[in-house]
**Q** 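Next up is a structure, given as structure tokens.
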Amino acid sequence: MQLSFVYPDIRKGFHRYISIAQGIVFTFTVGYALIVFSLTVIKIPEDLLIASQGLHFFILQVATLTVVLSTNARRNQYKYVHKIIGIGPVEYDEETKNGMKTVQEKLNKRKNFLISGIIGYLVFVAIVTVIIAPFIDSLTNGRNENIYSPGGVSLNLPVPLWSPFGTDTTWGYLISLIMELLCAYEMTSIAVAGDVALLVSTQYLTMELQLLTTALKKMPERTVRIYKSNHNIDPEKYINVNYMRDNGQLLKCYGYCLKETAVHYQKIIKAFADINVVISVPTFVGYFCGSIVIAISAIVMIFGKGNIGTLITSIFLFFGEVLNMLMLSWSGEQLHSGNNEFIKALYSTKWYYANKEEALTLRIIMNRSQRPLTLLAGGMIPLNFETFSNVGINIHSLFLDIHYSL
């Protein structure tokens with residue numbers, strides 16, 4: 001997170017100076033990239049592939065810039081999310097934790113698999129763009145004798161771009177190449193950091209909801225275990241919780257379990273609210289920019305003519321954005337499904353055994369549970385599979401609009 005400037009270290013001393021220097025480099029790189037990408041689109045209208053690629057990178061740069069600005073503007077909420085994830089799941093008794101171990105291991109394996117896949121794919125796309133695609137172009141087209149396009153775009157760079165330093169001299173070419181690599185690193189690292197942060201946060205909430213659901217389902221057993229432990233009763237002795245009303249001490253243990261559950265749910269709600277605030281703008285921009293990139297990539301793949309390497313880059317960008325939006329939708333869908341399971345478990349509890357105070361606590365939880373834990377992009381668009389489907393329809397419409405305007 002710190003290397004990508006998504007969450008810079010602002011502690012006093014050496015760490016702060018490093019972050020300041022990193023911020024200066026980041027600001028310069030972003031400004032340079034936005035100017036270079038936009039001018040590339042303007043100066044090479046005769047080559048659809050290169051112009052569309054420049055537009056791709058301009059849009060991706062805007063999206064990654066939004067991630068950095070949003071996370072740093074919401075640093076307090078992001079800090080709290082980091083803290084609770086670092087602390088780990090809420091502690092229950094050993095029996096409840098043992099019942100949750102299998103689910104935790106499954107979620108952790110899935111999270112690690114997805115994180116590895118995202119990092120691997122984005123790094124691979126960066127390598128394809130900077131190394132593999134130019135190499136393929138050199139094999140298929142031979143050495144390009146023209147250093148510049150008619151509009152001044154440098155055609156001898158790995159990714160053809162306009163450069164203020166020129167590329168007809170050794171030093172100009174080296175500086176332009178270094179800046180291009182720096183832009184590629186900056187966009188890739190921020191994209192990786194943003195996706196990983198979203199996955200880790202939503203998987204944490206999903207795990208906590210499943211732990212809470214398990215605790216609710218096992219509440220009668222938890223109540224009996226606490227009761228036996230408090231009164232030194234033989235663990236093997238059978239106690240019927242259906243007669244809880246006739247046993248004040250057992251009812252008190254049941255109330256304790258309810259309060260424990262309420263505190264856990266309150267923690268989940270607080271974490272959910274902070275995560276929703278942090279991801280709201282980046283996910284909205286991700287959906288919006290991703291839709292444009294996918295539509296343009298589709299146009300280039302179908303109607304574009306020119307270098308094969310540039311076309312391959314467009315193909316990988318196309319699938320990368322599709323997978324990224326699928327990941328956004330899947331993350332929200334998993335959380336929504338976990339919330340539904342929690343509601344079912346909540347209404348299956350023996351709420352009718354609770355006394356007046358505990359019943360009020362349970363009623364508050366039930367009322368809050370009617371507002372589903374739905375992550376919203378831009379505070380409006382739910383992150384779920386329905387949105388993913390609707391975005392696909394909108395992309396098709398945008399594809400047709402761009403096609404007919406050409």
**Q** Is atom CZ of F385 surrounded by more than 12 heavy atoms (other residues, nucleotides or ligands) closer than 6.0 Å?
**A** yes
**Q** Mark yes when over 12 heavy atoms from residues, nucleotides or ligands other than R363 sit less than 6.0 Å from its CZ; otherwise mark no.
**A** no
**Q** Rounded to the nearest 0.5 Å, how far does CG of L328 lie from CG of L323?
**A** 11.0 Å
**Q** Take atom OH in Y256; do more than 12 heavy atoms of anything else shown fall under 6.0 Å from it?
**A** no
**Q** Let me confirm one number: the CD-OG1 distance from E208 to T213, rounded to the nearest 0.5 Å.
**A** 11.0 Å
**Q** Any side-chain donor paired with an acceptor under 3.5 Å for Q334 and Q203?
**A** no
**Q** Treating E180 as the side-chain partner and V159 as the backbone partner, does any N or O pair qualify as donor plus acceptor under 3.5 Å?
**A** yes
**Q** Tell me whether N324 contacts the main-chain N or O of G320 through its side chain, where contact means a donor paired with an acceptor under 3.5 Å.
**A** no
**Q** Please list all pairs passing the ring-ring contact (aromatic ring centres under 6.0 Å, His included) test where one or both residues lie in residues 267-302, with sequence neighbours left out.
**A** none
**Q** side-chain contact (heavy atoms from CB on, under 4.5 Å), that's the test. Do V285 and V67 meet it? Break it down for me.
**A** CA-CA 9 Å; V285 174; V67 172; over 6 Å; no
**Q** Taking C-beta and beyond as the side chain, do C253 and R222 meet within less than 4.5 Å on heavy atoms?
**A** no
**Q** Do L375 and T202 come within less than 4.5 Å of each other through their side chains, counting heavy atoms only?
**A** yes
**Q** Decide yes or no on side-chain contact (heavy atoms from CB on, under 4.5 Å) for L199 and S331, but give the supporting numbers first.
**A** CA-CA 7 Å; L199 268 178; S331 298; 3.9 Å; yes
**Q** Rounded at 0.5 Å granularity, tell me how far CD1 in I275 sits from OH in Y80.
**A** 9.5 Å
**Q** Please state whether the rings of F316 and F124 are parallel, tilted or perpendicular, taking 30° and 60° as the class boundaries.
**A** perpendicular
**Q** Under the side-chain hydrogen bond (donor to acceptor under 3.5 Å, both in side chains) rule, what pairs show up with a residue in residues 337-346, not counting sequence neighbours?
**A** none
**Q** Roughly how far, to the nearest 0.5 Å, is CE of M207 from CD1 of I268?
**A** 10.0 Å
**Q** For A184, does its backbone N or O pair with a side-chain atom of T188 as donor and acceptor, under 3.5 Å?
**A** yes
**Q** Would you say that more than 12 heavy atoms from the other residues, nucleotides or ligands in this model lie under 6.0 Å from the NZ of K228, or not?
**A** yes
**Q** For R371 versus R368, what's the shortest heavy-atom pair and its separation?
**A** O-NH1, 2.7 Å
**Q** As an exercise, state the distance from OG1 of T283 to CE of M327, rounded to the nearest 0.5 Å.
**A** 10.0 Å
**Q** Donor-acceptor check, side chain of T29 to backbone of C183, threshold 3.5 angstrom: yes or no?
**A** no
**Q** May I ask you to decide if G378's main-chain N or O and S280's side chain share a donor-acceptor pair within less than 3.5 Å?
**A** yes
**Q** Does atom NZ of K267 have more than 12 heavy-atom neighbours, drawn from other residues, nucleotides or ligands, at distances under 6.0 Å?
**A** yes
**Q** Please find the pair of heavy atoms, one from L161 and one from V153, that lie closest to each other, and give the distance.
**A** C-CG1, 3.6 Å
**Q** Does anything in residues 203-237 pair up under ring-ring contact (aromatic ring centres under 6.0 Å, His included), and if so which pairs, sequence neighbours excluded?
**A** Y227-H231
**Q** First locate atom CD1 of I59, then atom CG of L55, and finally report the distance between them rounded to the nearest 0.5 Å.
**A** 4.0 Å
**Q** Side chains of S329 and N384 only: does a donor on one sit below 3.5 Å from an acceptor on the other?
**A** no
**Q** Is there a donor-acceptor pair under 3.5 Å between the side chain of S38 and the backbone N or O of I35?
**A** yes
**Q** Is any side-chain heavy atom of L157 less than 4.5 Å from a side-chain heavy atom of S154?
**A** yes
**Q** Assess the residue pair L209 and L373 against the criterion (side-chain contact (heavy atoms from CB on, under 4.5 Å)); give the C-alpha distance rounded to whole Å, side-chain angles, the decisive distance to 0.1 Å, and a yes or no.
**A** CA-CA 10 Å; L209 274 173; L373 300 182; 3.9 Å; yes
**Q** Here's a test for you: under side-chain contact (heavy atoms from CB on, under 4.5 Å), which of V277, V281, V81 qualifies with R74?
**A** V277
**Q** Hey, does T64 have a side-chain heavy atom less than 4.5 Å from the side chain of E186?
**A** yes
**Q** With a 4.5 Å limit on heavy-atom distance, are the side chains of M325 and I294 in contact?
**A** yes
**Q** Are F165 and Y173 an aromatic pair by the rule of ring centers under 6.0 Å?
**A** no
**Q** Under the 3.5 angstrom rule, does the side chain of T387 hit a backbone N or O of L383 as a donor-acceptor pair?
**A** no
**Q** Just by modelled atom types, is the W162 backbone N or O under 3.5 Å from a matching donor or acceptor in the T40 side chain?
**A** yes
**Q** Hey, does Y254 have a side-chain heavy atom less than 4.5 Å from the side chain of L258?
**A** yes
**Q** Please check if the side chain of S70 supplies one atom and the backbone of V278 the other of a donor-acceptor pair under 3.5 Å.
**A** yes
**Q** Flag the pair I381 / V391 as yes when at least one side-chain heavy-atom distance between them is below 4.5 Å, and no otherwise.
**A** no
**Q** side-chain contact (heavy atoms from CB on, under 4.5 Å), that's the test. Do I226 and C257 meet it? Break it down for me.
**A** CA-CA 9 Å; I226 293 172; C257 290; 3.6 Å; yes
